[in-house]
Amino acid sequence: MSNRSAIAVSPAAAIEVDAGVALPVAFGGLRKILRACEDATPETVRALARQRPSEWNRLFPGSMEGAPDLTDLALTPSERRLHRESEQMFWVLNLAARAIVETLRESGQSLVIHSAGECDLVSLRAVMRAAEWCRLEQLEGRILLAGWTTRRPYSAAIFEERRRAFLSSLCERMRIAPPEGSVGPMSGRELEPAVDLEGRYLGTVVEDAAPLEYRIAAAVLAIRSCFFTTNYEGALFAAERGLALLDAAGDALSPSRVAEGWDALDTGFTTPAIEIDRSSIGDAEELRLLFERGIGVVHVFTGQHDEALAAFGRGLERRAPPERLAHLRMFRALTLTKRLAQLPDARAEVEAGLALLQGRETPLRFLHEAWLRNVYALTYFLEKNLPQALVQEKHAMRCVGDLHDASATHLKINLISNASYLQETARNYADSIAIWRRFEKLSSSWGANFAKHHRYRLAALQMAHGEREAAVASYTEAFECAGALGDPLHQQVIAADLGLHLLDSQPAIAAQWFSRAEEQARTLGDPLRMAQSLAGQRLAEGSRDWTEALRCAQASTTTPAETEPLVRALSSGDAEAVRKALPRPRSKLNRSFDAVNLY
């Protein structure tokens, strides 16, 4: 349907909201949508906010006093491992989607979102999630998007074409007509007051009255913030503006003033998930490298791998300390390995990075060498050369053995996990379990979030080693840890996996676990997981009534590669085909958060 017809068919009492924003700040449009939902059904939305205060505080900072920080409950992405998936953002966007769905159900109205072409993509991913949830709840067609063709005043030129493609993908997932016509004129929308740090940073970047060096520092901080909100449009905008500001400064740039701007704007936040902190602030050459690195990482996350390699290559042309250049070599090697499967080229990048570090005996050198050797090991692992992979992992561990900062600790955890996985791949399950249990000796105070992942993997290894009773106990503990965190996504995964493991030997108990999986999938509003859980339950019960499972599967647009075989199997009524279409149990709990991923 066209934008005009979308509005024409909406009821007179529709909830209408202008979701456009001037700056590409994450949640900018979503906050407007949720406030409109709250106006329509105040008690419903406020009750959801009270149920998930950590997520609500991320959307509306400071609105829920005493709420646990979201970092205590869910994992962040990892820049060093090129993990764009964010469990934290999944929960934030899923809460927003649920608020939209519950508002539409209670009010009986439709939601008309105007200025969709000016809305930030992070917000639109929550709307996409809500549309899928609506299909599951038989509220299809209640979310209408209008106003595709106007550009916002501030956007990244290098992202414009990609943004258009993502809007088309979003419409396909929502089962609505894609944007039509040209991009259109620039709107005259004014800047909104900043609600959170990301808005403050991006606002400072475009504030002409602010000192130029402060604006450059703000651009670096904005890239860091956008990484955690998976706001890749905002990150590219910040990097693009940062480079332009460096051009404008020329030889007059004062690195000390940039550092002063950082101190004035930063909150002291540090994390090993992304290597941006005060030490990142150097001279103009180092800052250019930092911005090119940010551009490259975003291109990887959004599937533009050649552009990513080019950006990292531009960074390598800068005059910067060897550790910074070796870091870029690692990113190039990771991209070539994980995204392009060009393993010899990846090893060449690793070797070039190691050559840069020769003769330097500093903790930073050893840290960067360890990360490079970790990628080296990955290239050998993918070639099934397990002995050489193990050699490199051991070398990496020696590099960081005496280092105890956050980045080194993060890598040590990664290396222990990799060593266990190497033994699992070689079917040395006893050794894999022994290595994995080293985590229990490292700390007696792991939280429920870590325990959830640890017990799940331990359970899978115990099951592979024939320790069925111990495995069931570990799966159950992982399920309970996820429940303590209010985490139905991983509860569904754990319950469905255990159901599959018990399907042949203990079908009645398997049916109970599939029932638990179905309950958690319903809480999530995920039609594909609902279909999978219901199908597993019917298999365990010996039933061949696939009606509801098929309806749920047909409502899903998240992952066609998984959904389409299941739909065919359910339609055919072939129980064996249904079983083959269900996801196999894995040995690591990490899952892509596809329901809210667009890139």
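Small disclaimer: the values here were computed from a predicted structure and weren't measured.
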*Asks:* Before accepting this row, confirm whether a basic side-chain N of the pair Glu369/Arg365 lies closer than 4.0 Å to the acidic partner's carboxylate O.
*Replies:* yes

*Asks:* Can you classify the ring geometry of His490 versus Phe593 as parallel (below 30°), tilted (30 to 60°) or perpendicular (above 60°)?
*Replies:* perpendicular

*Asks:* Under 3.5 Å, which donor-acceptor pairs do the side chains of residues 307-315 form with other protein atoms, sequence neighbours left out?
*Replies:*
from   : atom 1 : to     : atom 2 : distance (Å)
Arg314 : NE     : Glu292 : OE1    : 3.1
Arg314 : NE     : Glu292 : OE2    : 3.2
Arg314 : NH2    : Glu292 : OE1    : 3.1

*Asks:* Would you say the side-chain atoms of Lys394 pair up with the backbone N or O of Ala389, donor to acceptor, closer than 3.5 Å?
*Replies:* no

*Asks:* Angle class for the Tyr376/Tyr380 ring planes (parallel below 30°, perpendicular above 60°, tilted otherwise)?
*Replies:* parallel

*Asks:* Do you know the tightest heavy-atom contact between Leu73 and Glu87?
*Replies:* O-OE2, 4.2 Å

*Asks:* Does Arg164 pair with Glu160 as a salt bridge, N-O distance under 4.0 Å?
*Replies:* no

*Asks:* Which atoms form the tightest heavy-atom contact between Glu85 and Asn597, and what is the distance?
*Replies:* CG-ND2, 3.5 Å

*Asks:* Answer yes or no: does atom NZ of Lys588 have more than 12 heavy-atom neighbours from other residues, nucleotides or ligands under 6.0 Å?
*Replies:* yes

*Asks:* Test your reading of the model: is there a side-chain donor-acceptor pair from Asn57 to the backbone of Ser63, 3.5 Å cut-off?
*Replies:* yes

*Asks:* Closer than 3.5 angstrom, by distance alone: can the side chain of Thr557 be matched with the main-chain N or O of Arg173 as a donor-acceptor pair?
*Replies:* yes

*Asks:* Is there a side-chain contact between Val122 and Leu93 (heavy atoms, below 4.5 Å)?
*Replies:* yes

*Asks:* I would like to know whether Arg457 and Ser420 meet side-chain hydrogen bond (donor to acceptor under 3.5 Å, both in side chains); could you show each step before the answer?
*Replies:* CA-CA 10 Å; Arg457 174 160 172 76; Ser420 174; 2.9 Å; yes

*Asks:* When you measure from the side chain of Ser254 to the backbone N and O of Arg257, does any donor-acceptor pair fall under 3.5 Å?
*Replies:* yes

*Asks:* Given side chains that start at C-beta, do those of Leu378 and Asn418 come closer than 4.5 Å, heavy atoms only?
*Replies:* no

*Asks:* Is the Tyr232-Phe301 ring centre distance short of 6.0 angstrom?
*Replies:* yes

*Asks:* Checking the side chain of Ser115 only, and the main-chain atoms of Gly20 only, is there a donor and an acceptor separated by less than 3.5 Å?
*Replies:* no

*Asks:* Is the backbone N or O of Ala157 less than 3.5 Å from a side-chain atom of Glu240, with the two atoms forming a donor-acceptor pair by type?
*Replies:* yes

*Asks:* Check this for me: Asp402, atom CG, are more than 12 non-hydrogen atoms of other residues, nucleotides or ligands nearer than 6.0 Å?
*Replies:* no

*Asks:* Between Asn231 and Glu198, do the side chains contain a donor N or O and an acceptor N or O under 3.5 Å apart?
*Replies:* yes

*Asks:* Could you please spell out the steps behind the side chain to side chain contact (heavy atoms under 4.5 Å, CB included) verdict for Glu383 and Thr379?
*Replies:* CA-CA 7 Å; Glu383 290 179 339; Thr379 67; 5.8 Å; no

*Asks:* Would Arg241 pass as a cation-pi partner of Tyr154, given that its NZ or CZ must be under 6.0 Å from the six-membered ring centre and within 45 degrees of the axis?
*Replies:* no

*Asks:* Does Asp405 offer a backbone N or O that forms a donor-acceptor pair with the side chain of Thr409 under 3.5 Å?
*Replies:* yes

*Asks:* Quick one: does Arg163's side chain have a donor or acceptor within less than 3.5 Å of a partner on Gly117's backbone?
*Replies:* yes

*Asks:* Would you please name every residue forming a salt bridge (Lys or Arg N to Asp or Glu O under 4.0 Å) with Arg278, sequence neighbours left out?
*Replies:* Asp263

*Asks:* Can a donor-acceptor pair be found, under 3.5 Å and without considering hydrogens, that links the side chain of Ser417 to the backbone of Ile413?
*Replies:* no

*Asks:* Checking Asp120 side chain against Gly28 main chain: does a donor-acceptor pair fall under 3.5 Å?
*Replies:* yes

*Asks:* Check this for me, if you would: do Glu192 and Lys32 make a salt bridge, where the nitrogen-to-carboxylate-oxygen distance has to be below 4.0 angstrom?
*Replies:* yes

*Asks:* Is the centre of the Phe381 ring less than 6.0 Å from the centre of the Tyr421 ring?
*Replies:* yes

*Asks:* Please check if the number of heavy atoms outside Glu361 that lie under 6.0 Å from its CD is greater than 12.
*Replies:* yes

*Asks:* Hey, are Asp277 and Arg224 close enough for a salt bridge, meaning a charged N less than 4.0 Å from a carboxylate O?
*Replies:* no

*Asks:* Could you tell me whether the side chain of Arg373 reaches within less than 4.5 Å of the side chain of Met397, counting heavy atoms only?
*Replies:* no

*Asks:* Determine the minimum heavy-atom distance between Arg81 and Leu334, stating which atoms define it.
*Replies:* CA-CD1, 4.2 Å

*Asks:* Please tell me whether Ser407 and Glu275 have a donor and an acceptor in their side chains that are separated by less than 3.5 angstrom.
*Replies:* yes

*Asks:* If the threshold is 4.0 Å, N to carboxylate O, is there a salt bridge linking Asp18 and Arg189?
*Replies:* yes

*Asks:* Centres of the Tyr599 and Phe166 rings: under 6.0 Å?
*Replies:* yes

*Asks:* Mark yes when over 12 heavy atoms from residues, nucleotides or ligands other than Glu172 sit less than 6.0 Å from its CD; otherwise mark no.
*Replies:* no

*Asks:* Is it true that Asp594 and Arg129 make a salt bridge, defined as a side-chain N closer than 4.0 Å to a carboxylate O?
*Replies:* no

*Asks:* Taking side chain to side chain contact (heavy atoms under 4.5 Å, CB included) as the test, write out the residues that go with Pro321, two or more places apart.
*Replies:* Glu286, Glu323, Arg324

*Asks:* Do Leu289 and Leu325 have side-chain heavy atoms sitting under 4.5 Å apart?
*Replies:* yes

*Asks:* Decide yes or no on side chain to side chain contact (heavy atoms under 4.5 Å, CB included) for Val297 and Ile223, but give the supporting numbers first.
*Replies:* CA-CA 10 Å; Val297 169; Ile223 290 172; over 6 Å; no

*Asks:* With a 4.5 Å cut-off on side-chain heavy atoms, are Glu393 and Asn374 touching?
*Replies:* yes

*Asks:* Charged N to carboxylate O below 4.0 Å: is that the case for Arg215 and Glu207?
*Replies:* no

*Asks:* Do Thr71 and Gln88 meet the criterion of a side-chain donor-acceptor pair at a distance under 3.5 Å?
*Replies:* no

*Asks:* State, with a plain yes or no, whether a side-chain heavy atom of Leu253 is found less than 4.5 Å away from one of Glu213.
*Replies:* yes

*Asks:* State plainly whether the residues Arg152 and Glu233 are in salt-bridge range, i.e. N to O under 4.0 Å.
*Replies:* yes

*Asks:* Taking all atoms of both residues into account, what is the closest heavy-atom pair of Ser225 and Tyr201, and its distance?
*Replies:* CB-CD1, 4.2 Å

*Asks:* Using a 4.5 Å cut-off on heavy atoms from C-beta on, say whether the side chain of Arg80 contacts that of Leu411.
*Replies:* no

*Asks:* Which atom pair, heavy atoms only, marks the closest approach of Ala194 to Gly199?
*Replies:* CB-C, 3.6 Å

*Asks:* May I have the step-by-step check of side-chain hydrogen bond (donor to acceptor under 3.5 Å, both in side chains) for Arg125 and Thr230, ending in yes or no?
*Replies:* CA-CA 11 Å; Arg125 286 159 52 205; Thr230 60; 3.0 Å; yes

*Asks:* Verify whether one side chain among Tyr214 and Glu260 offers a donor that lies under 3.5 Å from an acceptor in the other.
*Replies:* yes

*Asks:* Does the side chain of Leu415 reach to within under 4.5 Å of the side chain of Val400, using non-hydrogen atoms?
*Replies:* yes

*Asks:* Any Lys/Arg nitrogen of Asp196 or Arg31 sitting under 4.0 Å from an Asp/Glu carboxylate oxygen of the other?
*Replies:* yes

